[in-house]
Chemist: 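Just passing along the structure, written as C-alpha cells.
In what follows, every heavy atom counts, from backbone to side chain, and hydrogens, waters and symmetry copies are set aside.
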Amino acid sequence: MSDAPRSLDDMLTNPNGMSEEEVHRLRCEKVLGTTAVLLHQEGDAKAAELAVMLAELVTLDLEYSGQDWGVDFYDAYLEVEPHLVPQFTEENRNRIWGVMRAATRRDKFEIKEDLGVRPILPSVGLDWRNQLKAASGSRPTNQARRVRVEPQHPMEDGLYFTNKWEHNVYQVLKEHQARLPENQTIGIMPLVAVRVPRHTFEPDFLITYRGRAGVIEVDGPHHEGSKRASNDHSRSRLLIKAGVEWVDRLDVRDTTAKAEVERFVSDFVSRLGSR
C-alpha cells in the first residue's frame, strides 16, 4: 500500500467522515494552493512574488453567496495580518482573482468578482487584558509579526513565537547565551522582518555574534517536497546576498529532543563565529 499523501482532490472527493467544517477548510486550501501554483507557473517576477505572498502570508475563506444557472457562487476573502492588508492592492487582487477563477475551473462552483481582503481577527482568552498589557510592555516591540494576544502563541521575555517548536529553540538559545561571556554574547531576534529586493521575509530567528548575522529557520512538515525545498534555498540565497553570513534549518521533529537542539545551536553559533 502506498504511503504517498492523498491529494486535496482525493480528500474532497472521498471525505471519509470529515465534518462540514473540515471539508470547507480543505476546499479553501485547495483553491488557495492551486492559485499560488498557477501564479508561480506564469513565470514573471510579479506573479512569483504574489505566489510567495499567498503561500506565506494568506489564508482563504469562501462564503456561499447563491446559485445561478445551477452553479454555486462564492465570495472569496484573503485573510492576512492587519499590517499586511495594504500589500494587497487593487492591481494585485485583480490578478489573483483572475488566476483563482481558473483554479476552480474543474470544480462545481465559481468565485464572484471583487476578491476581498480582510484582517485576521485575534482569538482572545478570558485573560486578554493581562495578555494585552504584557504585549504592550514598557517598550515597543519591533517583531515583524506584530503583537499577538492570541492565547495559543507562546511568549517569553516580551517576545512572541509562532509555535511551541520555535519557543523550544528560543529557550536553548537563551541558555547558550547565558553561558557566554558578556563581551562575546549572542543577540537573539525572533520573527524580525527582513526586506530584500521584491520580497519581505520573516526568519524564525536572526542571530548576531561577533559582528556577524545568521538565520535559523525551524522547518515543519510543510517544507518537505522539491518545490518547497527549492523556494527555501532561493530564500536562503537572497538572505546571504543581503549580508547574512549563515543560514541553517532545523527540522521541527528534532526540536522535541532538547539534546538535538543543543547540538544544533552549539554548531550554528560556532560556524557563525568562525566564518
Side-chain angles (χ1 to χ4, degrees), residues 7-13 15 18-123 144-146 148 150 162 191 193 195-202 220 222-223 225 227-228 230-231 234-235:
S7 71
L8 290 175
D9 276 324
D10 290 340
M11 297 173 73
L12 288 168
T13 302
M18 287 188 292
S19 67
E20 290 185 9
E21 182 178 352
E22 290 171 322
V23 171
H24 175 75
R25 180 180 60 81
L26 289 178
R27 180 181 292 116
C28 294
E29 189 67 8
K30 178 195 170 187
V31 172
L32 184 64
T34 307
T35 302
V37 172
L38 286 175
L39 274 167
H40 193 272
Q41 290 175 345
E42 290 189 357
D44 61 280
K46 185 60 179 180
E49 180 180 0
L50 291 175
V52 171
M53 288 171 64
L54 293 184
E56 297 189 348
L57 305 177
V58 173
T59 56
L60 176 70
D61 191 26
L62 299 173
E63 294 185 357
Y64 180 73
S65 65
Q67 191 179 82
D68 190 19
W69 295 94
V71 177
D72 291 334
F73 282 83
Y74 285 83
D75 292 314
Y77 295 93
L78 304 177
E79 299 187 331
V80 301
E81 295 285 344
H83 68 285
L84 298 174
V85 170
Q87 293 190 27
F88 293 87
T89 62
E90 182 178 0
E91 178 184 356
N92 288 345
R93 294 198 311 272
N94 286 340
R95 183 157 190 187
I96 294 169
W97 172 77
V99 176
M100 188 173 288
R101 294 198 70 186
T104 61
R105 187 174 59 246
R106 292 176 296 182
D107 298 310
K108 298 179 180 178
F109 64 89
E110 289 192 21
I111 304 298
K112 290 184 67 175
E113 297 182 19
D114 300 326
L115 177 65
V117 178
R118 59 192 183 192
I120 296 173
L121 296 178
S123 174
R145 298 185 190 227
R146 301 297 193 263
R148 295 178 183 259
E150 296 96 322
T162 305
L191 304 178
R195 180 65 185 177
V196 296
R198 299 179 300 280
H199 298 283
T200 299
F201 297 139
E202 297 179 9
H222 62 284
H223 284 261
K227 187 171 186 59
R228 184 68 196 225
S230 176
N231 290 340
S234 296
R235 172 171 164 153

Chemist: Looking only at heavy atoms, which two atoms of Asp61 and Glu79 are closest? And how far apart?
Modeler: CB-OE2, 3.8 Å
Chemist: Checking Leu78 against Met100 for the side-chain contact (heavy atoms from CB on, under 4.5 Å) test, could you report, in this order, the C-alpha distance in whole Å, the side-chain angles of both residues, the deciding distance, and whether it holds?
Modeler: CA-CA 11 Å; Leu78 304 177; Met100 188 173 288; 4.3 Å; yes
Chemist: According to ring pair (Phe, Tyr, Trp, His ring centres under 6.0 Å), who are the partners of Phe88, at least two apart in sequence or on a separate chain?
Modeler: none
Chemist: Look at the side chain of Thr35 and the backbone N and O of Val99, then say whether any donor-acceptor pair between them is shorter than 3.5 Å.
Modeler: no
Chemist: Answer yes when Arg95 and Glu42 have at least one side-chain N-carboxylate O distance shorter than 4.0 Å, and no when they do not.
Modeler: yes
Chemist: Atom CD1 of Ile111 and atom CH2 of Trp97: how far apart are they, to the nearest 0.5 Å?
Modeler: 10.0 Å
Chemist: Can you tell me which residue among Val31, Leu32, Thr104 is in a side chain to side chain contact (heavy atoms under 4.5 Å, CB included) with Leu62?
Modeler: Val31
Chemist: With Arg25, which residues qualify under side-chain hydrogen bond (donor to acceptor under 3.5 Å, both in side chains), at least two apart?
Modeler: none
Chemist: Taking all heavy atoms of Arg235 and all of Glu202, pick out the closest pair and write down the distance.
Modeler: NH2-O, 3.5 Å
Chemist: If you measure from OH on Tyr74 to NE2 on His24, what distance do you get to the nearest 0.5 Å?
Modeler: 8.0 Å
Chemist: Ala51 and Ala36: which non-hydrogen atoms are nearest, and at how many Å?
Modeler: CB-O, 3.3 Å
Chemist: Write down the atom of Ala76, the atom of Leu60, and the distance for their closest heavy-atom approach.
Modeler: CB-CD1, 4.2 Å
Chemist: Can you tell me how far the CG atom of Asp44 sits from the CG atom of Leu50, to the nearest 0.5 Å?
Modeler: 8.5 Å
Chemist: Look up atom CG in Leu54 and atom OG1 in Thr34, then write down how far apart they are to the nearest 0.5 Å.
Modeler: 11.5 Å
Chemist: Taking only residues two or more places apart in sequence or in another chain, which ones pass side-chain hydrogen bond (donor to acceptor under 3.5 Å, both in side chains) with Asp75?
Modeler: none
